[in-house]
Student: 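For reference, the structure I am asking about is given below.
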Amino acid sequence: MKAARSVLEYLKGYGVQHIFGIPAGSVNVIFDELYDMPEITPIITKHEGAASYMAAAYAKYANQMSVCIGCSGPGGTNLITGAANAMREHMPVLFITGAVPVSTVGLNASQELDADPVFRSVTKYSVTVKNSEDLLHEVVKAVEIAISGVPGPVHVAIPIDVQQGEIQVPIIPNPPTRAPMVPDLDVIRDVAFELTRRESGYIFIGQGVRYSVDQCIELAELLDWPILTSPQAKGFIPEDHPLLAGVFGFAGSENASRLVNEGDGQALLILGSSLGETATNNWNVNLTKDRFTVQMDFDQTVFNRKYKIDIPVLGDINLGLLFLMEELQSLGLPRDKKTVVEKRQVDTAKAEEYNTKNVLLNLQKHLPSSTRYTVDIGEFMSYVIHHMNVLDSHTFDINVHFGAMGSGIGSAIGSKLAEPERPVVCITGDGCFFMHGMEILTAKEYNLPILFVIMNNARLGMVYHGHELQYKRSHPSFGQTETNIAALAAAMDIPSFRVNGLEDMNQEVIHNFTNLKGPAVLEVALVDNNVPPMGDRVKFLSSFGK
């Protein structure tokens with residue numbers, strides 16, 4: 001058996017159904033072996049970077065490790081941004097790169113690169129395998145590291161002769177399972193005691209509660225405390241929940257900011273947020289000021305970074321919440337009072353104006369409530385966070401913390417492959433599209449019914465507004481000649497439509513693009529000169545350098 005085949009057999013046993021990437025010389029052996037393995041489908045993308053975003057999204061929504069592959073040299077370096085993105089999201093992705101034959105290392109072979117150290121700073125583990133007999137063992141080790149503790153990406157570089165090497169038929173090990181990180185019960189008891197001593201408080205959730213949403217809601221109802229979410233956690237708590245106060249942080253709601261800055265909450269319970277810049281409105285000191293602060297996370301490095309934490313709770317959040325609720329109930333909760341959080345008032349005064357806000361609200365009005373929106377990086381992202389409603393749990397995928405332009409396009413494809421029955425809409429911009437937009441062909445080739453909504457303002461919108469706020473001017477090079485993206489999609493035989501006014505965002509148009517057997521493009525030609533609703537970020541940029 002070829003060493004490469006043993007790896008693929010192991011991945012098949014693990015449940016891997018897709019490998020994202022691009023074939024090339026140094027990974028030829030792996031792709032040739034896939035010819036005889038119909039259980040694993042290679043998802044051939046147009047760029048390795050996009051493949052890495054697909055793999056991370058697939059891992060997120062399938063809730064299992066995924067696999068991404070690139071050739072030696074440029075194929076590997078194209079995966080680096082996606083590996084860094086997966087690291088920030090704690091997504092277990094196995095990155096495989098090819099490498100030149102062991103005997104040619106150092107001879108300036110074609111596409112030679114020592115990829116191991118390049119990946120090391122953006123993965124949990126990175127290794128180059130130099131013997132065929134060691135390959136399966138190293139991959140098994142990497143997979144175990146990827147899913148253990150704090151999940152994250154790993155990287156294995158495999159020279160082509162190592163892939164090709166014949167080995168004795170190995171015993172394929174059983175796939176590993178992640179051992180739960182059990183919180184200290186004494187710490188949980190201390191938390192319960194301290195929380196019950198406070199009459200009021202807030203629960204602040206981040207992306208780390210992705211698999212614990214029901215427990216978060218149950219805990220909030222038990223404590224009767226408002227829920228604030230980070231931008232990254234938008235989409236977890238439905239908008240109609242009476243305790244949801246909205247998004248705090250970048251582009252957050254006025255209600256949430258008011259609670260943090262002026263509210264009387266005596267305690268703050270932080271669940272699954274690392275309290276980064278975008279989650280905290282540029283590290284707003286009022287978040288924890290004069291509040292007893294508890295932080296639950298499975299990553300101990302997030303404790304006491306920028307904010308003093310009175311009780312850090314290390315462990316899996318779902319277990320921590322179950323234990324905490326038991327302790328709170330034993331101390332007499334729930335109480336009788338029922339808090340109803342003030343909801344934002346929807347401004348309908350300019351509901352007919354052709355602007356970004358109204359385009360997005362009209363889009364959502366005509367789509368199923370279960371639709372997942374994968375949101376790219378651009379000025380439209382602020383409007384999504386601030387104005388769009390969460391109608392069903394797990395319906396927004398926002399990558400604002402790492403902020404990789406074009407990642408929303410790949411995320412739409414990974415999400416659709418992981419959950420084929422869920423409608424998926426990608427909200428992206430012309431700048432992002434020109435980076436990774438050719439992946440609409442990938443969606444077409446795999447018959448994935450995804451609606452790509454492309455906000456086309458013929459400029460780098462976030463850059464434009466950032467410079468206007470900071471310097472009161474912006475360089476003319478931030479704009480570009482307008483391109484008809486709908487016509488470009490039509491040339492690729494992909495259904496498309498160009499929106500030129502709000503009247504075009506109607507039920508008939510959108511319905512025609514959501515009942516297809518492949519992707520469609522809805523281009524929104526719109527220059528919106530309103531300052532995006534970025535919250536305190538506007539104040540920060542406006543006062544930058546003063």
Side-chain angles (χ1 to χ4, degrees), residues 1-24 26-44 51-52 54-56 58-60 62-72 75-76 79 82-83 86 91-99 102 115-116 119 123-149 151-179 414 417-418:
M1 176 184 285
K2 290 179 182 176
R5 181 59 176 255
S6 70
V7 169
L8 294 173
E9 291 290 345
Y10 169 70
L11 295 176
K12 182 180 76 173
Y14 187 82
V16 170
Q17 298 178 28
H18 305 91
I19 293 181
F20 301 89
I22 297 180
S26 62
V27 288
N28 274 354
V29 179
I30 292 172
F31 278 94
D32 181 65
E33 291 296 327
L34 285 172
Y35 189 89
D36 298 319
M37 298 184 69
E39 301 89 348
I40 300 178
T41 301
I43 305 297
I44 308 302
S52 66
M54 294 177 201
Y58 187 90
K60 183 187 304 181
N63 195 14
Q64 71 166 68
M65 188 199 71
S66 62
V67 183
C68 193
I69 190 168
C71 69
S72 59
L79 294 175
M91 288 300 125
V93 181
L94 170 62
F95 287 95
I96 295 174
T97 59
V102 174
D116 172 6
F119 274 87
T123 58
K124 292 181 68 181
Y125 180 69
S126 180
V127 67
T128 300
V129 182
K130 297 181 179 178
N131 295 293
S132 300
E133 294 80 8
D134 298 331
L135 180 57
L136 179 59
H137 169 76
E138 281 292 350
V139 169
V140 170
K141 178 181 178 181
V143 170
E144 290 175 345
I145 292 172
I147 69 167
S148 65
V154 293
H155 165 250
V156 180
I158 314 174
I160 190 167
D161 52 337
V162 172
Q163 300 169 40
Q164 181 79 25
E166 292 289 338
I167 61 173
Q168 290 187 342
V169 177
I171 297 174
I172 305 295
N174 293 324
T177 56
R178 179 180 178 273
L417 288 166

Student: Check the pair Leu94 / Val156 against side-chain contact (heavy atoms from CB on, under 4.5 Å), numbers first and verdict last.
Tutor: CA-CA 8 Å; Leu94 170 62; Val156 180; 4.0 Å; yes
Student: Specify the closest pair of heavy atoms between Tyr10 and Pro176, including all atoms of both residues, with the distance to one decimal.
Tutor: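 Closest pair (atom of Tyr10, atom of Pro176, distance): OH-CD, 3.2 Å.
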Student: Cut-off 3.5 Å, no hydrogens considered: what does the side-chain donor-acceptor table look like for residues 37-44, sequence neighbours left out?
Tutor:
none

Student: Looking at side-chain heavy atoms only, is the closest gap between Leu11 and Met65 below 4.5 Å?
Tutor: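 Yes, side chains in contact.
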Student: What's the spacing between Glu33 CD and Asn28 CG if we round to 0.5 Å?
Tutor: 11.5 Å
Student: Under the side chain to side chain contact (heavy atoms under 4.5 Å, CB included) test, which residues partner Ile22, sequence neighbours left out?
Tutor: Thr45, Glu48
Student: Mind listing the closest non-hydrogen atom pair of Ala3 and Ser6 along with its distance?
Tutor: O-OG, 2.6 Å
Student: Please identify each residue that fulfils side-chain hydrogen bond (donor to acceptor under 3.5 Å, both in side chains) with Lys130, with sequence neighbours left out.
Tutor: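 Lys130: no side-chain hydrogen bond (donor to acceptor under 3.5 Å, both in side chains) contacts found.
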Student: Give the minimum heavy-atom separation between Ala59 and Pro92, together with the two atoms involved.
Tutor: CB-O, 3.8 Å
Student: So which atom in Ser66 and which in Ala55 form the shortest heavy-atom distance, rounded to 0.1 Å?
Tutor: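 Smallest heavy-atom distance, with atoms named: OG-O, 2.6 Å.
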Student: Table please: side-chain donor-acceptor pairs of residues 162-175 below 3.5 Å, with sequence neighbours left out.
Tutor:
| residue | atom | partner | partner atom | Å |
| --- | --- | --- | --- | --- |
| Gln163 | NE2 | Ser26 | O | 2.7 |
| Gln163 | NE2 | Ile158 | O | 2.9 |
| Glu166 | OE1 | Met1 | N | 3.2 |

Student: In sequence, state the C-alpha distance, the side-chain angles, and the governing distance for Tyr14 and Ile147, and then conclude on side-chain contact (heavy atoms from CB on, under 4.5 Å).
Tutor: CA-CA 12 Å; Tyr14 187 82; Ile147 69 167; 3.4 Å; yes
Student: Identify, with sequence neighbours excluded, every residue that meets salt bridge (Lys or Arg N to Asp or Glu O under 4.0 Å) alongside Glu138.
Tutor: none
Student: Can you find a pair of side-chain heavy atoms, one from Leu8 and one from Ile30, that are under 4.5 Å apart?
Tutor: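 Yes, close enough: below the 4.5 Å cut-off.
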Student: Between the main-chain N or O of Ile145 and the side-chain N or O of Lys124, is there a donor-acceptor pair closer than 3.5 Å?
Tutor: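 Checking the backbone N and O of Ile145 against the side chain of Lys124, a donor-acceptor pair under 3.5 Å is found.
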Student: If you take all heavy atoms of Ala4 and Val29, which pair is closest and at what distance?
Tutor: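 Of all heavy-atom pairs spanning Ala4 and Val29, the closest is CB-CG1, 3.8 Å.
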Student: Partners of Asp116 by side chain to side chain contact (heavy atoms under 4.5 Å, CB included), sequence neighbours excluded?
Tutor: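 Result, side chain to side chain contact (heavy atoms under 4.5 Å, CB included) vs Asp116: Asp114, Arg120, Ser126, Thr128.
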Student: Report yes if the side chains of Gln17 and Leu417 come closer than 4.5 Å at any heavy-atom pair, otherwise no.
Tutor: no
Student: Salt-bridged, Glu144 to Lys141, with N to O below 4.0 Å?
Tutor: no
Student: By side chain to side chain contact (heavy atoms under 4.5 Å, CB included), which residues pair with Asp134, not counting sequence neighbours?
Tutor: Val129, Asn131
Student: Which heavy-atom pair separates Val93 from Ala86 by the least distance, and what is that distance?
Tutor: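 Nearest pair, atom of Val93 first, then Ala86: CG2-CB, 4.2 Å.
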Student: Restricting to side chain to side chain contact (heavy atoms under 4.5 Å, CB included), what partner residues turn up for Ser52, sequence neighbours left out?
Tutor: Cys68, Leu79, Phe95
